[in-house]
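Here the structure is laid out as structure tokens; the discussion comes afterwards.
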Amino acid sequence: MKYYFAPVQGHTDAAYRHFHARHYGVGSDVVYTTPFIRLEKGALRKKDFKDAMSELNGVANVLPQIIFKNGSELDALVGILKDNGATHIDINMGCPFPLQTSRGRGAATVADPECREAVARTVADNPDITFSLKMRLGMEEEEFMPLLETLNTIRLDHLAVHPRTARDQYTGELHPDAFRMILEHSANPIVYNGDILTPADAAEVARRYPAISGIMIGRGALGRPSIFNEIISGEEWPEERRRREMLAFHRELFAHYGATLVGGDHQVLSKILPFWEYAEAEIGRKAWKAIRKASNISKFQTALALIGK
Ligand SMILES: Cc1cc2nc3c(=O)[nH]c(=O)nc-3n(C[C@H](O)[C@H](O)[C@H](O)COP(=O)(O)O)c2cc1C
């Protein structure tokens, strides 16, 4: 079984990946897909590029992800990453954000014949790159079958499937039958992604779908950053240890941003507060709410002290 830290825009940036891989020591066991890199007015967004190429990427096993709306965007992005030394590239065909789908990117590519042909062509034209792909089931409804047939004609390292449509966003019902159909019909290894919050959830997914090649976790790993250690070792960590390690990990992140961001406390705070967004179950409602409300560093520190209380 392989393990993947799902890309979460605004959360799993280069520093987060670096300190997570280093602190939890899972750098070689977990692949960290970057949040999507995209073109803006025909050029690469500087912020995305800096993140994907950051020297902080040294510790973690990083897989850069691109998002596209047609063949020319796809080829341009692959070309740029290749010129910068990428050997593995992940293609996003699942983002449900209206800002992307309304422009024909992300989940909007699933049912687009031009996009699926572009993927097949680009993968065939770049045999020196190992490609993987991350997809949803479609926009309003399940519409993945023609895409799956096209993907079966090419070789992917893995196909990560989040079994929801764009309409479902992140909380609608999962579609287990569609996932099973993809698993049965895919010629490429399938990675399961969606709603894994605990090691028990991961074990249940592995039991239910023994043919999967991997498990990808996003929000569950942000909320419980020790989850990969716990799954890989087969042993749940006691609450006290999980919280202690989580605080130590977040202290490292805090120190890093304090030393590198130039905008002062406010900027540091706006960077680090979102890291706690999915941690309510792990740290308790009281601390979680206080962190959300913290308007300065001192209130943030006071809020952290409530963890476990
Ligand atoms: C705020 C946010 C940002 C996300 N950004 C990306 C992204 O850049 N690329 C991508 O493929 N998926 C992105 N996702 C989707 C996650 O990678 C993942 O597929 C989804 O959250 C379901 O997995 P989970 O239940 O384990 O979180 C994002 C999700 C959220 C909530």
Side-chain angles (χ1 to χ4, degrees), residues 2-14 16-17 20 30-40 45 47-49 51-52 62-69 77 88-101 103 105-110 119 131-138 144 156-176 178-179 182 190-202 204-206 212 214-225 227-228 231 271 273-282:
K2 294 187 176 156
Y3 299 99
Y4 300 84
F5 204 133
V8 183
Q9 200 80 230
H11 297 252
T12 62
D13 64 6
Y16 188 95
R17 299 188 299 266
H20 183 271
V30 175
V31 172
Y32 296 73
T33 308
T34 70
F36 61 73
I37 299 168
R38 68 179 161 90
L39 292 177
E40 202 171 49
R45 277 213 317 173
K47 183 172 159 278
D48 296 342
F49 184 70
D51 186 83
V62 176
L63 173 59
Q65 183 190 73
I66 54 177
I67 195 166
F68 74 106
K69 65 175 178 192
L77 284 160
H88 291 61
I89 297 177
D90 188 67
I91 301 172
N92 180 315
M93 296 184 82
C95 179
F97 298 154
L99 218 59
Q100 296 307 320
T101 55
R103 290 174 169 81
R105 300 192 183 97
T109 60
V110 171
V119 168
F131 285 94
S132 54
L133 197 140
K134 184 163 177 287
M135 65 179 279
R136 280 190 182 235
L137 305 176
F144 57 83
L156 296 172
D157 178 74
H158 65 265
L159 172 60
V161 179
H162 180 52
R164 285 192 169 104
T165 62
R167 182 175 45 185
D168 298 326
Q169 290 292 318
Y170 292 103
T171 50
E173 288 286 308
L174 289 161
H175 301 223
F179 182 79
I182 293 173
I190 297 292
V191 170
Y192 179 91
N193 167 237
D195 295 6
I196 294 176
L197 301 176
T198 64
D201 292 341
E204 174 56 20
V205 164
I212 56 173
I215 281 176
M216 176 182 275
I217 310 176
R219 291 164 297 177
L222 288 164
R224 181 169 174 164
I227 194 166
F228 293 109
I231 295 171
K271 183 74 211 171
L273 288 190
F275 290 144
W276 296 89
E277 188 174 340
Y278 302 107
E280 182 181 350
E282 191 67 0

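Count residues from 1 along the sequence. Everything quoted here is computed from the prediction, not taken from an experiment. All ligand and atom numbering here is 1-based and tracks the order in the structure.
Counting protein heavy atoms only, atom 2 (C) of ligand 1 is closest to Val8 CG1, 3.4 Å. Ranking protein heavy atoms by distance to atom 17 (O) of ligand 1, first place goes to Pro7 O, 2.6 Å. For atom 28 (C) of ligand 1, the nearest non-hydrogen atom of the protein is Tyr170 OH, 3.4 Å. Looking at atom 5 (N) of ligand 1, its nearest protein heavy atom turns out to be Gln9 N, 3.0 Å. Atom 22 (C) of ligand 1 has as its closest protein heavy atom His162 CE1, 3.3 Å. Taking atom 31 (C) of ligand 1 as the reference point, the nearest protein heavy-atom neighbour is Tyr278 OH, 3.5 Å.
By the 30° and 60° cut-offs, the orientation of the rings of His20 relative to Tyr32 is perpendicular. Ring planes of Phe228 and Tyr3: perpendicular class, angle over 60° (limits at 30 and 60°).
Here Met93 contributes atom CE and Ile67 contributes atom CD1; the two are 10.5 Å apart, rounded to the nearest 0.5 Å.
One finds a salt bridge joining Arg164 and Asp195 here, because a Lys/Arg side-chain nitrogen approaches an Asp/Glu carboxylate oxygen to under 4.0 Å. Salt-bridge formation is detected for the pair Asp51/Arg17: a Lys NZ or Arg NE/NH1/NH2 atom is positioned less than 4.0 Å from an Asp or Glu carboxylate oxygen.
Every atom of ligand 1 with a heavy atom of Ile217 under 4.0 Å away is listed here by number and element: 26 (O). Residue Asn92 has at least one heavy-atom neighbour below 4.0 Å for each of these atoms of ligand 1: 9 (N), 10 (C), 11 (O). Short contacts between ligand 1 and Pro35, defined as distances under 4.0 Å to a heavy atom of the residue, involve ligand atoms 8 (O). The distance from ligand 1 to the heavy atoms of Ala6 drops below 4.0 Å at these ligand atoms: 17 (O).
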### Working for side chain to side chain contact (heavy atoms under 4.5 Å, CB included), residues Leu222 and Thr12
CA-CA 8 Å; Leu222 288 164; Thr12 62; 4.1 Å; yes
### Task
Test salt bridge (charged side-chain N to carboxylate O under 4.0 Å, His left out) on Asp13 and Lys271 and set out the steps.
CA-CA 10 Å; Asp13 64 6; Lys271 183 74 211 171; 2.9 Å; yes
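No side-chain heavy atom of Arg105 sits less than 4.5 Å from a side-chain heavy atom of Phe36.
Not a single N or O atom of His11, backbone or side chain, sits closer than 3.5 Å to an N or O atom of ligand 1. The shortest N or O to N or O distance between Asn193 and ligand 1 is below 3.5 Å. Taking only nitrogen or oxygen atoms, main chain and side chain alike, Gly218 reaches within less than 3.5 Å of ligand 1. Taking any N or O of Lys134, backbone or side chain, at least one lies under 3.5 Å from an N or O belonging to ligand 1.
The option from Arg164, Gln65, Arg219 that lies nearest to atom 24 (P) of ligand 1, judged by heavy atoms, is Arg219. One option in Phe5, Phe36, Tyr192 has a heavy atom closer to atom 7 (C) of ligand 1 than any other, and that option is Phe36.
More than 12 non-hydrogen atoms from other residues, nucleotides or ligands lie less than 6.0 angstrom from CD of Glu40.
Of all the heavy atoms of Tyr4, none lies under 4.0 Å from any atom of ligand 1, so neither backbone nor side chain is involved.
Both tests pass for Arg136 against the ring of Tyr170: distance under 6.0 Å to the centre and angle within 45° of the axis.
Proximity of Gly194 to ligand 1 is established by a heavy-atom distance of less than 4.0 Å.
Residues Phe179 and Ile212 share a closest heavy-atom pair of CZ-CG2, 3.7 Å.
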